[in-house]
Amino acid sequence: MKKDQTIGEVLRERGISRRSFLKFCASTASLMALPPSMIPVIAATLEKARRPSVIWLSFQECTGCTESITRSDSSTLEDLIFNVISLDYHHTLQACAGHFAEHIREQVIKDNAGKYILIVDGSIPVKDGGVYSTIAGMSNEQILKETAAHAAAIVAVGTCSAYGGIPKADPNPTGAVSVSDLIKDKPIVNVPGCPPIPNVITGVLVQFLTFGLPELDALGRPKAFYGQSIHDRCYRRPFYDKGLFADSFDDEGARKGWCLYKLGCKGPTTYNACATEKWNFGTSFPIQAGHPCLGCSEPDFWDAGSFYSALSTPTENIGKTAIYATAGGLLAGAAIGGVLRARKQAAVKAHQRVTIDDLDKES
Amino acid sequence: MTVHGTPGTSPGCGSGSPCEIPTGNLIPLLHEIRHALERWLDSGEEHAIDLRGIPMAPGEEDQLLATLGEGELHADLSLTGKSVVIETRFPAVWLVTHYNTDERIVGRYIEVCEMPAILKSQTEDARAGLEYLGKLLNENNLQ
Amino acid sequence: MSGAAFARGYNALKEQIDAPIAAFLSSCVHCGMCAEACLFFTETGDPQYTPIRKVEPLRRVWEQEYTFWGKLSKALGLSKPLTDQDLTDWETLVYDSCTLCGRCSMVCPVGNDIAYMIRKTREGMAAAGHAPEGLIGATQRAITIGSPMGVKLPALQAQIRHTEKEFDLKIPVDVEGTDYLCMLSSMEIMNFPEYIGSIARIFKQADVSWTLSSEAFEATNSGIQIGVSDIAAQLVQRIVDAAEKLKVKAVISPECGHAYMAIRWEGPNLVGKRFGFKVVHILEVLDELRAQGRLKVADRETRKLTYHDPCQIGRRGGVLEQPRNLINMVAENFVEMPEAGKMNWCCGAGGGVSTNERADALRLKTFARKKSQLDAVNPDALVSACSNCRIHLEEGLEEYHMDIPLLSLTETIADHLSDT
Amino acid sequence: MTDAEFLLWVRGPAFNIALFIMLAGIVVRFMEILLMGRKTNLAEARGSEMAGGLNTIWRRTLPDADTFRRSGFTIIAGNVFHIGLFVVIFLFVPHILVFERLFGVSWAGLPSNIVDATTVVTIVALLAVLVHRVKDPVLRMLSNFSDYLAWLVTILPLITGWLAFNRVGLSGSTLIGLHILSVELLMVLFPFTKLSHAFTLVLARWYNGAIAGYKGVQS
């Protein structure tokens, strides 16, 4: 496979029909919430795009993100994109190992300086010199900085690399940080989720190849995929509007598929495509399966209070606060009230008898 | 037309029990199809609706499909995974469904046009076919 | 003007503030509804007459002396302390444009008894030397002469003699051990002497044991109107002494509204002890006699009558049904003015306003409210049961060229009794 | 601070602080009032303080016909926004969950879209009340900074709540966070502005009714 081929050439070489490609472009357009009329534009642009070189680095992670993309139970349209990109280095997947693997990484950086895409999953531990995760004697931070230095762009896949994720959860023993905490001089596209929807990962790559750097929201996520909240696209939203809520996981409301807000659903504050894109080939998503959204594509989702307490409720023990406040109020009130009472009694004591002679101003 | 009461559909919410409150997207969707069909007849303007982009309660899509029904044409395409193109019982209203190799749906569109693009022969593929045909004739000295 | 007087007034305000006032002032939301309940506002449209604004001096003292945050903001210079100039500025609002009628206290949505607070504010105003001249004079006369109008015992004795001769009956004076000690207001002695005769005739017919006192006949209490509890207590004490000396079972308040308020409700609190005798309003006595069938009517009034509820008797005193029972006993055609009863509009002269010459023009202006109430029913005659109201009503009717005769309820009853 | 951190802060420490200040403030205010005391009434009672007090507590909610005629706007607009606030605060399910956390009891809520509509009505009523306050000579004279502040901190949670529910403009976390923050502002100022009438009104009405009831007077 030649490095400077266009994607169209690669596809044809592999015997992928134009119709199959159109089908892929259609599902990608759908994913990006683009109108179907954009499908031919995507197809035309993507065909002419250069086959990109990709380095995939995995740091403190659970491999869930890689699992998400490489589910082995089926070959998918999304495989297409991985067939056409040149995934030159992937910690977890590569067949070779040891110094040879590291050599490949260095070679790719050298050969494609300024052109390759860097995909990162996992957070980067920086505490104690980064000793908590090292590869070939190098800390994750060192590898990231070295690899990022010559990348065209970085895609932070998964909540760990995008925001620190679970490794960063309180008390964050390894000092985990996100990619964007360390790299400030490269375009970074965050593709959070624990894991991200596989189609979204490929979708971001397609979008990148087709339209260049995508428009990002305040949290560095491509708006095309993360532009709307779970809540806004949730099929259970009408129940929310009508005030019909499940109170527990096995009550009538839960069986009838009512809104899971009371059970702690983070849909209203979670921006992701789960509600329409769904998982496992559009089979379902957590809310459809009867479980509230955990908000996994948001920063600090692990520390954002209980998964099962409603968004509107305070996260701390307010009952205790109420008792302390009342007790404190009673004490302070007694003290203040006592002073005021004494002041009033003093005034009564200081009363000067008023006689008719006192009434005239002149007197 | 009784959309909500279409026989043969059993809309469900979540774990299969009846859905008390639909998203309400069904009727507007059918209106959109009607307007698109009018426009196509008047001006030839084509229209496509991505069903994955529209929130639907479980069962609602079944209701939609039952309402659209199946017309005269049914095409199975062998792409990367199957794709099925049917003309609904409303001519020029097409339902395009893409499956992956595990026969799971990965995309579904309603198209209002003469014929969905995916059915049409693709010039790029035709060019490759032509090349291959020539090569075939050449190899076998059939000139 | 001495600083000592202001300090005394300021201290008086501090003394007056209690839990109800703290609750009232904490609750005010500045909704302005009290303005619409006050005839000084409705008849002038001048927002300064908004009732709650009249208690501003009291409010400032409360906030700065009796709330933690008020004290703090005063210490930080965020709120201005009350000055003598403030009291000067508020004098006309507290005295000239409030009759203590308490109508505002009825409409306040958060339940503030504003009249209660204005009454208390006057304590501070008077102690600081900011009471109106008219009221000061009346108060001084009440203490030195025995009556705000300067009526002395000989004047009463002359009226008694005159009445005895006219009706050929005996008016008991200083009789010990009677059921009732009947009090008078000096207006009843000077302006409406018929009242004494009426009482005597009714009591004679109903066979009531009663007396007047030569030592305490004046029931009105300027001390309350001007807002000096010390003086008010002195005036009440005279009545208590007389009642105890004559060993009566009950003291009858005259028709005068604020006299009733002074003896019945404030009296025991002013002198600091519970009374050993009852205090009743003359209308309560008459209605009881009526209920017992001790009043025999000879003929009934055919003219269309309406009744003006004196504020301190009706709204603030709770004597609302009795006058209606009595009028219906002697009259065939009794009509109610709009908003009569507990929401009746003040005549405009209560709370010492009639004693305060400075307020005369304003007082007459606010009579327009009473005029419109009267116009709505167009009565042949107007009945009331407060000599203070009567004086002002007469003046108002004349001012507005309204030809409606004014009757005292007690006299009307007396006039329709059979002689047997 | 990211919007997630912001939301966490308002739901966590900030809420605790606001709740503490509000509750302690209310208790202090109550005690400031009650400890002022009241003299025993020595006049012979004609009626019952308790009956009069309790009666006035609820009866003062309903104006008499003539007062209604004179102060119609104040009464209607006032009632609309008070009832609206009641509905929005106590009958919106996400709010009920907060009370459940606080008191351990919950009750049925209204459909959210009804609460949404009520919010709009309440906001309109509050705007009308503000215009009235600025234009009416009596209200303009009575009003001070605290009145406008109280108005602002009352309408803010309604506006932010409406925006959050309808998800206008900002991210979901930011909207909900701003809404909770605006409520916390209200909570903090609640005991120290005229908003305290919400609880002192019970005392005020009781005293008014008790004074009248003792005399056997209607109030």
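Note that these values count all heavy atoms, side chains included, but never hydrogens, waters or copies made by symmetry. Here is how names work: the chains are called A, B, and so on, in the same order as the sequence lines, proteins then strands, and each is numbered from 1.
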[X] side chain to [Y] backbone, donor-acceptor under 3.5 Å:
{"X": "A:Lys23", "Y": "B:Lys82", "result": "yes"}
{"X": "B:Asp125", "Y": "A:Ser17", "result": "no"}
{"X": "A:Tyr235", "Y": "B:Glu60", "result": "no"}

Under a 4.5 Å heavy-atom cutoff, which of B:Leu119, B:Ile54, B:Thr123 has the most pairs with chain A? B:Leu119
Hey, what do you get for NZ (B:Lys120) to CZ (A:Arg18), rounding to the nearest 0.5 Å? 12.0 Å
Could you tell me the separation between the OG1 atom of A:Thr276 and the CG atom of B:Asp50, rounded to the nearest 0.5 Å? 8.5 Å
Should we count CD of B:Glu114 as having more than 12 external heavy atoms under 6.0 Å? no
Which portion of [X] sits near chain B, non-hydrogen atoms under 4.5 angstrom:
{"X": "A:Glu47", "value": "side chain"}
{"X": "A:Ala275", "value": "neither"}
{"X": "A:Arg237", "value": "neither"}

So, the part of B:Leu77 with a heavy atom under 4.5 Å from chain A: the answer is side chain
Name all residues meeting the salt bridge (Lys or Arg N to Asp or Glu O under 4.0 Å) criterion together with A:Lys48; count only those two or more places apart in sequence or in a different chain, and write none if there are none. none
Report the residues that fulfil salt bridge (Lys or Arg N to Asp or Glu O under 4.0 Å) with A:Arg19, sequence neighbours left out, ordered by chain and then residue number. none
Answer key: most heavy-atom pairs under 4.5 Å with chain B among A:Cys234, A:Gly290, A:Ala26, A:Ala273 is A:Ala26
